[in-house]
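In what follows, residues are counted from 1 in the order of the sequence shown.
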Amino acid sequence: MAEEKGEKYEFQSEVKQLLDILVYSLYKNKEVFLRELVSNAADALNKMQFEFLTVPDLEGKDQELKVTIEIDKKRGILVVEDNGVGMSRDELVKNIGTIAHSGTLDYLKRLQEGEKGGAVDLIGKFGVGFYSSFMVAREIRILTRSWQKGAGAWRWTSTGESSYTIEAAEKEGRGTRIELLLKKDEKEYLEAFRLRGIILTHSKFVPFPIYLDQERIERRDAVWTQPRSKLADKDYVEFYKFLENSQEEPETWLHLQSDAPVQFHALLYVPKTSFELLGLMKEEPGVDLYSRKVLIQKGSKEVMPEYLRFVKGVIDSEEIPLNISRETFQSNVRVEKIRKHVVRKLLEHLEALKEKERGKYLAVWKNFARNLKEGTVNDFENREKLSQLLLFQSSRTAGDERIDLKQYAGRMAEGQKEIYYLGGSDRGAIERNPALEIFRKKEQEVLFLTDPLDEFVVDHLREFDGKPFKMAESADIPLEEKAGDEEAHREAGDLVTYLKATYGDQVEDVRVSKRLVDSPCILLNPADGPSLQMEKIIRMVNKDYPLAKRVLEINPGHPLIRRMTALHKADPAAPLLKALALQLLDNMKLREGILGDTEATIARIQEIMLQAGERGTE
Ligand code: ADP
Ligand code: MG
């Protein structure tokens, strides 16, 4: 039991919550605790290796960097020890007593919810680190000493309830020794064959030797440096699981080996799950940078552009100096060259996937469309490639089907020069937009932009394959004259003049429409102004942003417009005509979600209803 000496600390409340979840969790795959401890040991060894390579004249260079696992059956204790960087007292408090990643808790909440639904596999999917040992231990002791000169040793003790203690201790050499006093029911973790099995399953790729009761467990060498011909899919999948501390398989991967112009190995993975879509934290860069198998930087910001932060993996280059500092990183020509090359290859890989394995690509798109769109906007150099990766719904797709821009361009109608698109909150809303009518009639395809980001994307692209993007709602799309309706047009002309006078500066213009088939009227975007969708987004940030004035077009052939034309001819001053005119515009505003004064509108509708009712009973 924890001795009542040393200084007592309370866990951060988040940690307490986490411990609660873990200790009472029904999670069956408890063995992952060992994976977490070994991975922490390996991290500490990696850091030590790095110090040896960069700090001159450090003592203990000749010692083997290793993980040692000991079993003490008599006392029921399992020990995982490393001679890595160790921890100072402050580091113990900071690293073990608090949760650094703000996102961790979010996913713990999900864990908790998932528990009821049986989706506890999140533990397996993302790994929960050191605390997972409390699933099997009733008490944990850490004995640690930092590699820094003159550092003392410390003992940390906790039973995983609300507090822990820290006291000064004795320890030879640097590193960390973790002792788990196993719970009664968890004695299987004192069996060497069981532990060996766990290590072979989860920790085979750890780049340091692991000794179990003095016997060294065989391990796999760095996969990324091995020739592709020697690797099977299984090897790639296994390595990914190791890398991500995860049970989940990757969606797709790419293994690159290059000698010129720069030497490097790269092994990159696209996951099956998006952290960000799960509503968790914004993803951190996921590609680690190595030089000759020595980890230089975990999650390097320099080797991948930000929008590809969902990509996991390893890049290893002999040409990157070990003692490179963060500042010189950004301007390092070789790093830059590697990044360019790798990103290009990765985007090409995705394009090939899109062409050859549509199902897989659709899954990638479902998870990471937002990242690829972000790239289309930000990564000028690869804009062309990224535009090939975009997928859209359209007036000619159904259900979950998506097309890319090449497909759109390939089936454009004869004489069509522009790529038409229409934005809206969802497919249904876009389909109800009267602006579509003329395109349906002319059998021209219209892209449906259901994600607000889409409009930024087409705005930035401006064109694809020499064909400009054009909003289907633009007032200035040239349309041929409708034949045979001249009479209706001329008659409606007077109504147009009347409507203009009635609306005043509520609209930019009123016109007779050539594009409407079934609807009485439509509110159009002024030529090349921002779309209403876009304006609404701006308005979320700036409440006072003024909406552009729109153009109202009326359909002279529609029964309602005919009625109003007749009414106008009979008596331009009729109160009903005015009510109908105002309501016509308000209906459009209502549809667009920009109706201001609802009270006046409701009063008017009721007036119109009353009149309709009176006629019905005449
Ligand atoms: P993570 O590994 O994701 O940071 P963990 O809960 O596994 O989260 O570990 C928390 C922190 O505790 C580590 O980041 C590290 O700073 C420290 N730590 C854990 N184990 C060791 C160890 N064996 N040697 C040195 N530091 C360690
Ligand atoms: Mg860890």
Side-chain angles (χ1 to χ4, degrees), residues 46 49-50 53-54 205 207 220-231 233 235-236 239-240 243 250-270 284-356 361 364 368 371-372 374-389:
N46 253 324
Q49 188 177 40
F50 187 81
L53 287 163
T54 52
F205 297 95
R220 288 289 304 266
D221 194 18
V223 177
W224 61 88
T225 60
Q226 292 166 31
R228 272 180 296 214
S229 57
K230 286 240 168 80
L231 295 163
D233 284 1
D235 301 315
Y236 287 115
F239 181 64
Y240 173 80
L243 197 68
E251 188 68 57
T252 178
W253 62 84
L254 173 67
H255 190 185
L256 296 172
Q257 296 176 318
S258 154
D259 286 322
V262 259
Q263 185 281 338
F264 73 86
H265 301 274
L267 178 49
L268 304 174
Y269 294 92
V270 175
E284 297 289 327
V287 177
D288 303 335
L289 187 60
Y290 284 76
S291 174
R292 296 172 201 267
K293 301 186 201 167
V294 176
L295 181 65
I296 310 251
Q297 204 180 37
K298 230 182 153 85
S300 167
K301 281 195 170 72
E302 268 57 65
V303 290
M304 280 281 135
E306 209 205 332
Y307 69 92
L308 292 177
R309 57 189 176 272
F310 62 90
V311 177
K312 314 288 180 198
V314 169
I315 293 179
D316 188 330
S317 172
E318 294 175 0
E319 297 180 36
I320 293 171
L322 280 172
N323 54 358
I324 191 166
S325 73
R326 304 265 137 134
E327 300 76 57
T328 53
F329 239 128
Q330 285 151 14
S331 51
N332 186 286
V333 192
R334 293 192 192 106
V335 175
E336 172 80 17
K337 268 197 185 143
I338 293 172
R339 193 190 66 222
K340 277 194 178 173
H341 187 102
V342 169
V343 170
R344 187 164 49 82
K345 287 288 182 192
L346 182 68
L347 297 179
E348 282 168 8
H349 174 76
L350 291 177
E351 205 194 331
L353 205 65
K354 188 193 76 182
E355 299 298 326
K356 293 182 202 127
Y361 184 71
V364 173
F368 306 109
N371 298 70
L372 297 173
E374 200 181 309
T376 315
V377 175
N378 295 330
D379 185 355
F380 191 75
E381 210 178 303
N382 291 300
R383 183 165 290 175
E384 167 73 32
K385 281 209 157 48
L386 283 153
S387 69
Q388 302 277 358
L389 294 177

Quick check: does any side chain N or O of K354 sit under 3.5 Å from a backbone N or O of Q388, one acting as donor and the other as acceptor?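 Pair found, side chain donor or acceptor close to backbone of Q388.
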Parallel under 30°, tilted from 30 to 60°, perpendicular over 60°: which one fits the rings of H255 and Y236?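 Answer is perpendicular, since the angle exceeds 60°.
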Once you round to the nearest 0.5 Å, how far does CG of L308 lie from CG of L346?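 The distance works out to 6.0 Å.
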Is it true that, when you exclude E284 itself, more than 12 heavy atoms of the residues, nucleotides or ligands shown sit nearer than 6.0 Å to its CD?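 Count not over threshold, so no.
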N371 side chain to Y307 backbone, donor-acceptor under 3.5 Å: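 Yes, because the side chain of N371 sits within donor-acceptor range (under 3.5 Å) of the backbone of Y307.
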Ignoring hydrogens and geometry, is there a side-chain-to-backbone donor-acceptor pair from D316 to K293 under 3.5 Å?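 Yes.
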Check: L231 main-chain N/O paired with Q226 side-chain donor or acceptor under 3.5 Å: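 Not confirmed, Q226 side chain does not pair with L231 backbone.
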Could you grab the distance from atom CG of L386 to atom CG of L347, nearest 0.5 Å is fine?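 So the gap between those two atoms works out to 5.0 Å.
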List the steps and the verdict of side-chain contact (heavy atoms from CB on, under 4.5 Å) for V262 and H341. CA-CA 9 Å; V262 259; H341 187 102; 5.8 Å; no
Any side-chain to backbone donor/acceptor pair from R383 onto V377? Under 3.5 Å, distance only.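 Here the side-chain-to-backbone pair exists.
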State whether the side chain of E306 and the backbone N or O of K301 hold a donor-acceptor pair below 3.5 Å, judged by distance alone.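 No: the side chain of E306 does not pair with the backbone of K301.
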Counting only N and O atoms by type, is there a donor-acceptor contact under 3.5 Å from the side chain of Q263 to the main-chain atoms of E318?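 Answer holds: yes.
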Would you call R339 and E302 a salt bridge, taking side-chain N to carboxylate O under 4.0 Å as the test?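 No, this pair does not count.
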Ring geometry between Y269 and Y240 (parallel below 30°, tilted from 30 to 60°, perpendicular above 60°):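 Because their plane-to-plane angle lies in the 30° to 60° range, the rings of Y240 and Y269 count as tilted.
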So that I can tick it off, tell me whether E374 and R309 are bridged by a salt bridge, with the cut-off set at under 4.0 angstrom between side-chain N and carboxylate O.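 Result for this pair is yes, salt bridge flagged.
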Rounded to the nearest 0.5 Å, what's the gap from CD1 on I315 to CD1 on I338? Could you check?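 The CD1 atom of I315 sits 7.0 Å away from the CD1 atom of I338.
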Any salt bridge between K230 and D235, counting N to O under 4.0 Å?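 Judged by the 4.0 Å cut-off on N to carboxylate O distance, K230 and D235 do not form a salt bridge.
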What is the minimum heavy-atom distance between S291 and S317, and which atoms define it?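 Residues S291 and S317, closest heavy atoms: OG-O, 3.2 Å.
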From CA spacing to verdict: side-chain contact (heavy atoms from CB on, under 4.5 Å), K340, R344: CA-CA 6 Å; K340 277 194 178 173; R344 187 164 49 82; over 6 Å; no
Starting at OH of Y290, measure out to CG of L267 and round the result to the nearest 0.5 Å.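 Going from OH on Y290 over to CG on L267, the span is 11.0 Å.
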Assess the residue pair V343 and N382 against the criterion (side-chain contact (heavy atoms from CB on, under 4.5 Å)); give the C-alpha distance rounded to whole Å, side-chain angles, the decisive distance to 0.1 Å, and a yes or no. CA-CA 9 Å; V343 170; N382 291 300; 3.6 Å; yes
Verify side-chain contact (heavy atoms from CB on, under 4.5 Å) between M304 and L268, making sure each step is shown before the conclusion. CA-CA 11 Å; M304 280 281 135; L268 304 174; 3.9 Å; yes
So, for L350 and Y361, which heavy atoms are closest and what is the spacing to 0.1 Å?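 Here L350 and Y361 meet closest at O-CD1, 3.6 Å.
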Between V342 and V303, is there a side-chain heavy-atom distance shorter than 4.5 Å?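 No, every pair of side-chain atoms sits at 4.5 Å or beyond.
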Please check if the side chain of S300 supplies one atom and the backbone of D288 the other of a donor-acceptor pair under 3.5 Å.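 Pair absent, no side-chain N/O of S300 close to backbone of D288.
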Should the heavy atoms of other residues, nucleotides or ligands under 6.0 Å from CD of E348 be counted, would the total exceed 12?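 Result for CD/E348: enclosed.
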